[in-house]
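A note on names: the letters A, B, ... follow the listed sequences, proteins ahead of strands, and every chain is numbered from 1. Atoms considered below: every heavy atom in the structure, side chains included; atoms not considered: hydrogens, waters and symmetry mates. Fair warning: this is a prediction, and the values are worked out from it, not measured in the lab.
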There are 2 protein chains.
Amino acid sequence: MTEGPTITTIAQRAGLSIASVSRVLNGLPTREDTVRRVMRAADELGYVPNSVARSLRNRRTHQIAFALSDIGNPVYVAMVREIQAVLKAAGYRLLLHSTEGDPEDEVCVLRGLRERYVDGLIISPLRGVGAEHIEAVTTARVPVVVVGPVPEGTPVDNVRGDSRTGVLLAMNHLHGLGRRRIGLLNGPLGTAPGAARAAAYREALELLGLPYDENLVEVGDFTRDRGARAARALLARAPGLDALMCASDLIALGALDVLREQGRDVPRDVAVVGMDDTDLASVAWPSLTSVSLGWAERGRAAARLLLDRLRDGSLPPRVVTVEPGLMVRCSTGGGPATAFATRARARVRALALAGGDRP
Amino acid sequence: MTEGPTITTIAQRAGLSIASVSRVLNGLPTREDTVRRVMRAADELGYVPNSVARSLRNRRTHQIAFALSDIGNPVYVAMVREIQAVLKAAGYRLLLHSTEGDPEDEVCVLRGLRERYVDGLIISPLRGVGAEHIEAVTTARVPVVVVGPVPEGTPVDNVRGDSRTGVLLAMNHLHGLGRRRIGLLNGPLGTAPGAARAAAYREALELLGLPYDENLVEVGDFTRDRGARAARALLARAPGLDALMCASDLIALGALDVLREQGRDVPRDVAVVGMDDTDLASVAWPSLTSVSLGWAERGRAAARLLLDRLRDGSLPPRVVTVEPGLMVRCSTGGGPATAFATRARARVRALALAGGDRP
DNA sequence: TTGTACGCGTTATCAA
DNA sequence: TTGATAACGCGTACAA
């Protein structure tokens, strides 16, 4: 808790000016002897630069914030890990903001950026970037990268998943297993992922030549409890279904609970597919086939985008789309031992099926 | 990306001195009229204070760092969430440092504190605070709270779990179910939790009047894979065991995999208990009875300890011990519906058994 | 090569 | 009540 030496202290001790000290410390060309004197004094005093003062001068804090909707959501864990790794390697520190999914809070974070305590922000709003964000994002005084969908044409660095292709992948897989009455357990249609998945589901049915039956669709929430409730409702209404496409792993876990409770065998009677491919998918029993939306990869991409922009602010806004994959596990017939990923291959098939790449 | 107005800009526009502006902005007593002029100018200019400059002056950044061993470890997720909530409410931001379990890296973080970019640190080293940390901890220029065991007598705020009581709780539970050949699947003895759990296991056996049999103990790692491997080895050596005490949920999940693979029914043939009570425990099938070491609570406690100290640096170092509990689920015979927590009650029993409270 | 002096944006002290 | 001014610790033109 000592008061801590500054370059002034060092200068006094070494009998030099603070300018010389600063130069040595920053590795600027200096006479050999001076270097030694400064280093010696710094060493003896246990000098450590004050990063706040430095930031004030440099206008760089070497800190980057990540605003996420909910720390408890496992999809974010993978993202945080990757982001942190990339940033750390580049000499940045990671600040975390958990907004609990409150859009107002998210806007607050964006506004707070103007306080200049970070050099940049990665934000991943659960419900997508709405009108209320957009102004804050585009007028922010530091670079912002959005993970998730943004309105068409928004001039901002953006990393997106492709749940449409993900759903096509999964539906194609189920169809290939001979399933024909495939139910959808979706999240709220008001959220970006909910809407996208609903549309992709319909599209897939069409492509597969299956009829759309609204009795096979139930909307709930992205949680396990609500997923279970939705599954119960759906199974009551459509007892004959032979597969469930779930809009998240948590929903799928809820569905598994209900199926087990009703004595229906998974995957024999009903095959189940989740989305997000979180840790939970491999832990569940039966282990869950799940669409991998590439969360980890998205985290990495977002961090890289941001670092690039910090190096060169004049870059045009870029959009990175991460390819989805399908992790096949027991809940659709794959074994835990035989769990395998189909990414490129399955994707090709699904896209051929879909007739083109339009994420 | 404008250059951003400062109090100087405001002062000019309002025809006042920067001192007056600062006073108004900080709510110090000022003439009504002046207040209005300043507020108006600030508003029109869209002024936002520069938190870096403020920090330089105040020597407070309103940032707190949390150094953890591995973001991917689910026990930390709960902690991060709670810490963030407490800090946010108190007006602090949370910085994350993932050290990947590297003690050297942890020391680096501690050293980095001297750069003054945070007001305090919460650190939770997986292997406990060793000799290499201790100097760094005690000489850090900002308050540090350690979550996890520290050498006796270290003058530092400290939050600890009580895995000893936790193990006693679990062993007592298993004994109560009639299990007599209870195996231990432990993590490395070189880690603090590993050592503590090994000791507690022996102690429990003694208290329960059961013999210690080294053939019933296998040491691996805290991961699922290594847990599975350890389980396989243990089951080969001691096929007759009727219960498994696992030093972490991940180990327990690995054990469940192996038991399923060998066709042994859980809990009928072998009852399984995990530790940490992570989300995974309730997702697994059969759902996993697990010792709750109170990670969320520990996070809260750590944050509070730190905030207290920031308010008053002269407080004596405090130690908070969080009580463990037992979440009984299917893997020892409880149902998912009947899952219940025994904390106080079971604790009392276990302690009566243990003959006193000595965490 | 080295030193002087100023600015980064605030807050706080002291006169006026 | 207000204004001039000095820090906070660092980096860097510019002058010596």
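For the 3.5 Å distance criterion, the side chains of B:Ser69 and B:Tyr76 qualify, holding a donor opposite an acceptor.
Among all heavy-atom pairs drawn from A:Pro317 and A:Val156, the shortest one is CB-N, 3.7 Å. Shortest non-hydrogen contact noted between B:Ile18 and B:Thr8 is CG2-CA, 3.8 Å. Nearest approach of B:Asp119 to B:Leu310, heavy atoms of both residues: O-CD2, 3.3 Å. The two residues A:His97 and A:Ala65 have their closest heavy-atom pair at CD2-CB, 4.0 Å. Smallest separation of non-hydrogen atoms from B:Asp105 and B:Ser98: OD2-O, 4.2 Å. Here the closest non-hydrogen pair linking B:Pro316 and B:Asp157 is O-OD1, 4.2 Å.
Taking atom CG of residue A:Leu28 and atom P of nucleotide C:dT2, one finds them 12 Å apart after rounding to whole Å. Distance, A:Ile7 CD1 to C:dT4 C1': 13 Å, rounded to whole Å. Between the OH atom of A:Tyr117 and the P atom of C:dG9 there is a distance of 18 Å, given to the nearest Å. Following rounding to the nearest Å, A:Arg37 (CZ) and C:dG3 (C1') show an atom-to-atom distance of 13 Å.
Checked by atom type and distance alone, the side chain of A:Asp102 pairs as donor or acceptor with a backbone atom of A:Glu104 at under 3.5 Å. Checking side-chain atoms of A:Asn158 against main-chain N and O of A:Gly148 turns up a donor-acceptor pair under 3.5 Å.
Within 4.0 Å of B:Ser22, counting heavy atoms only, lies at least one base atom of the nucleic acid. Among the protein residues, B:Thr8 comes within range of no part of the nucleic acid, since none of its heavy atoms lies under 4.0 Å from any strand.
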Would you list the atom pairs, donor with acceptor, under 3.5 Å between side chains in residues 49-56 of chain A and any protein atom, with sequence neighbours excluded?
from: A:Asn50; atom 1: OD1; to: A:Val52; atom 2: N; distance (Å): 2.8
from: A:Asn50; atom 1: OD1; to: A:Ala53; atom 2: N; distance (Å): 3.1
from: A:Ser51; atom 1: OG; to: B:Glu115; atom 2: O; distance (Å): 2.9
from: A:Ser55; atom 1: OG; to: A:Ser51; atom 2: O; distance (Å): 2.9
from: A:Ser55; atom 1: OG; to: A:Arg60; atom 2: O; distance (Å): 3.0

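Taking the 5' to 3' direction, DNA chain D first and last meets chain A under 4.0 angstrom from a heavy atom at D:dG9 to D:dT12.
Residues that satisfy the ring pair (Phe, Tyr, Trp, His ring centres under 6.0 Å) test with B:Tyr92, not counting sequence neighbours, are B:His62.
Between the axis at the start and the axis at the end of the helix from C:dT1-D:dA16 to C:dA16-D:dT1 there is an angle of 50°, using five pairs per end and rounding to 10 degrees.
Within residues 9-16 of chain A, no residue has any heavy atom closer than 4.0 Å to DNA chain D. Non-hydrogen atoms lying under 4.0 Å from DNA chain D are contributed by A:Tyr47, A:Pro49, A:Asn50, A:Ala53, A:Arg54, A:Arg57, A:Asn58, all within residues 41-61 of chain A.
Ionic pairing of B:Asp33 and B:Arg37 is present here: one or more N-O contacts between side-chain nitrogen and carboxylate oxygen are shorter than 4.0 angstrom.
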| field | side-chain hydrogen bond (donor to acceptor under 3.5 Å, both in side chains) between A:Asp276 and A:Thr278, intermediate numbers included | value | CA-CA 6 Å; A:Asp276 291 332; A:Thr278 59; over 6 Å; no
